[in-house]
Amino acid sequence: MTKGVALATKRFLIVTGKGGVGKTTVCAAEALALAAKGKRVLVAMCNAKERLSSMLGSELIGPEVKPVAPNVWAVNMEPELALAEYGMMALHSKTLFKLLFDNKYVRKFFRAVPGMQEWTLLGKAWWHTTETRDDGSWKYDVVILDAPATGHGLDMLRVPKIILDVVPPGLLRRDAERAWKMFQDPETCAVVLVTLPEEMPTTETIELAKALREELRLPIGKIVVNGVLPPLFSKAERLAIEGAGPITGDTPADAAFAAGRSRATRERVQAESLLRLSEELPISPSFLPQLFEDAAQPAAIRQLAKRMV
């Protein structure tokens with residue numbers, strides 16, 4: 001088993017995992033951690049229910065790129081607007097674009113093309129890695145894609161490969177080829193898997209890692225286990241507490257024991273999940289603690305950012 005890679009050396013980070021495990025929290029914390037190292041960071045969300053602004057204490061984030069923290073920018077990408085941007089870049093003419101694309105039948109056609117909406121979002125996020133400033137330096141040193149949850153996220157990541165397999169030579173194939181080359185290059189790209197120390201997220205993360213490595217051959221750079229509890233009990237104590245007889249009373253002592261048993265069970269599941277992740281994944285996981293205050297607040301994100309490497 002190897003350690004996670006240094007994400008500060010990458011140009012493109014793909015953050016994914018089961019829904020509800022804290023992907024956006026990790027994106028926010030990683031963005032602040034990279035920005036603290038002097039990196040210019042863009043966080044790109046995929047038409048998401050927007051929560052990043054409350055985490056960073058910024059204004060609501062929409063489809064236009066905007067600054068949200070020192071050295072951090074963000075955008076909440078929308079498929080049709082992303083397609084419009086792509087069309088204007090491809091045609092090099094706003095007038096010609098409107099002539100061809102400002103048509104309900106054309107828009108309906110593109111919505112019906114399998115994978116096109118996913119590509120407009122993934123392709124837009126990739127395109128931001130190609131932007132430069134007036135002095136020729138990269139506009140963003142690192143682009144973080146807050147990708148959809150596991151199943152949809154895998155479908156999105158398959159799209160460039162599908163384009164290369166079925167689309168004839170042209171602009172779309174050329175850009176998909178450039179993007180796919182970056183995604184598969186461990187020097188420039190890393191997939192960050194986010195999970196919880198629970199049974200179902202652990203199983204899904206192991207399956208996701210297998211698909212990324214064996215089917216798509218994408219480099220997994222880091223595995224983040226979110227919401228890890230500090231253990232209160234030893235293994236022997238957990239066994240004793242869980243193995244005790246049923247709670248029949250309703251005294252304060254009974255309530256305290258019930259709470260202790262619930263904590264012991266959660267710690268056991270956590271320990272079993274962490275062991276599985278360590279044994280079945282190629283990279284040693286890193287951990288973020290369970291925060292008992294609201295984790296979707298700037299102070300909490302700053303606290304988590306200090307733990308990101």
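Heavy atoms only: backbone and side chains are in, while hydrogens, waters and symmetry mates are out. For this chain, numbers begin at 1 and follow the sequence in order.
For residues 64-76, there are no side chain to side chain donor-acceptor pair (under 3.5 Å) pairs, not counting sequence neighbours. Listed by first and then second residue, the side chain to side chain donor-acceptor pair (under 3.5 Å) pairs involving residues 153-171 are Asp155-Arg158, Arg158-Glu215 (not counting sequence neighbours). Screening residues 11-23 for salt bridge (charged side-chain N to carboxylate O under 4.0 Å, His left out), with sequence neighbours left out, gives Lys18-Glu204, Lys23-Asp146.
The closest side-chain donor-acceptor pair between Thr203 and Arg276 falls under 3.5 angstrom.
Atom CG of Leu32 sits about 11.5 Å away from atom SG of Cys27, to the nearest 0.5 Å. Atom-to-atom distance recorded for Gln297:CD and Gln303:CD is 13.0 Å, nearest 0.5 angstrom. Separation of atoms CZ (Phe12) and CG (Leu122) is listed at 5.5 Å; rounding is to 0.5 Å. Rounding to the nearest 0.5 Å gives a distance of 9.0 Å between CD of Glu198 and CD of Gln270. Ser58 OG to Leu52 CG: the interatomic distance, rounded to the nearest 0.5 Å, is 6.5 Å. For the atom pair CD1 of Ile223 and CG of Leu281, the computed distance is 4.0 Å after rounding to the nearest 0.5 Å.
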Requested in this report: Run the numbers on Leu212 and Leu154 for side-chain contact (heavy atoms from CB on, under 4.5 Å), then give the verdict.
Outcome: CA-CA 8 Å; Leu212 290 169; Leu154 268 178; 4.1 Å; yes
Report task. List the steps, then state whether side-chain contact (heavy atoms from CB on, under 4.5 Å) holds for Ile247 with Arg261. Result -> CA-CA 10 Å; Ile247 301 170; Arg261 174 176 286 176; 4.2 Å; yes
Query raised in the report: Would Lys10 and Val142 satisfy side-chain contact (heavy atoms from CB on, under 4.5 Å), going step by step from the backbone distance to the final call?
Result: CA-CA 7 Å; Lys10 310 305 176 188; Val142 186; 5.5 Å; no
Report task. Before giving the answer on side-chain contact (heavy atoms from CB on, under 4.5 Å), spell out for Val43 and Ile61 the whole-Å C-alpha distance, their side-chain angles and the decisive distance to 0.1 Å. Result -> CA-CA 10 Å; Val43 180; Ile61 301 163; over 6 Å; no
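A heavy-atom distance below 4.5 Å is found between the side chains of Pro289 and Leu304. Side-chain contact between Glu118 and His152: present, with at least one pair of heavy atoms (C-beta onward) separated by less than 4.5 Å. For the pair Val194 and Leu288, the minimum side-chain heavy-atom distance is 4.5 Å or more. Contact annotation: the side chain of Pro285 approaches that of Ser278 to within less than 4.5 Å [non-hydrogen atoms, C-beta and beyond]. No side-chain heavy atom of Leu208 sits less than 4.5 Å from a side-chain heavy atom of Thr195. In this structure the side chain of Thr129 never reaches within 4.5 angstrom of the side chain of Thr188, judged on heavy atoms. With a 4.5 Å cut-off on side-chain heavy atoms, Trp126 and Thr130 count as touching. Side-chain contact between Val65 and His128 is present, with heavy atoms from C-beta onward closer than 4.5 Å.
Leu145 and Trp138 are assigned to two separate hydrophobic clusters, defined by single-linkage of ILVMFWY side chains at heavy-atom distances under 4.5 Å. When hydrophobic clusters are built by joining Ile, Leu, Val, Met, Phe, Trp and Tyr residues whose side-chain heavy atoms come closer than 4.5 Å, directly or via intermediates, Val166 is grouped together with Val159. Placement of Leu193 and Met200 in two distinct hydrophobic clusters is found when ILVMFWY residues are connected by side-chain heavy-atom separations under 4.5 Å, directly or transitively. Transitive grouping of hydrophobic side chains (ILVMFWY, heavy atoms separated by less than 4.5 Å) brings Leu216 and Leu164 into a common cluster.
A side-chain donor-acceptor contact under 3.5 Å links Asn226 to the backbone of Val21. Under the 3.5 Å distance criterion, the side-chain polar atoms of Ser273 are matched with a main-chain donor or acceptor of Val269. Between the side chain of Arg173 and the backbone N or O of Val167 there is at least one donor-acceptor pair closer than 3.5 Å. Side chain of Asp141 to main chain of Arg40: a donor-acceptor pair is present (N/O by atom type, distance under 3.5 Å, no hydrogens or angles). Although no hydrogens or angles enter the test, the distance criterion places a donor-acceptor pair under 3.5 Å between the side chain of Thr16 and the main chain of Pro148. Counting only distance, with no hydrogens or angles, the side chain of Ser137 and the backbone of Arg133 share no donor-acceptor pair below 3.5 Å.
Looking at every heavy atom in both residues, Ala190 comes nearest to Gly221 through CB-CA, 3.9 Å. The nearest pair of heavy atoms linking Leu291 to Ala300 is CD1-CB, 3.7 Å. Here the shortest heavy-atom pairing between Ala33 and Ala305 reads CB-O, 3.6 Å. Heavy-atom minimum distance, Leu121 versus Cys46: CD1-CB, 4.0 Å. Val143 approaches Ala125 most closely through the heavy-atom pair CG1-O, 3.7 Å. Taking all atoms of both residues into account, the shortest heavy-atom contact from Pro197 to Gly227 is CG-O, 3.8 Å.
Of the residues listed (Met308, Glu30, Lys39), the one engaging Leu7 in a side-chain contact (heavy atoms from CB on, under 4.5 Å) is Glu30, and it is the only one.
Within a 6.0 Å sphere centred on CG of Asp134, other residues, nucleotides and ligands contribute 12 heavy atoms or fewer.
In this structure, the side-chain contact (heavy atoms from CB on, under 4.5 Å) partners of Glu242, at least two apart in sequence or on a different chain, are Ala264, Thr265, Arg268. Considering only residues two or more places apart in sequence or on other chains, Glu237 meets the side-chain contact (heavy atoms from CB on, under 4.5 Å) condition with Phe233, Ser234. Here Gln184 pairs with Trp180, Arg217, Leu218 under the side-chain contact (heavy atoms from CB on, under 4.5 Å) rule; sequence neighbours left out.
A salt bridge links Glu267 with Arg263; the closest basic N to acidic carboxylate O contact falls under 4.0 Å.
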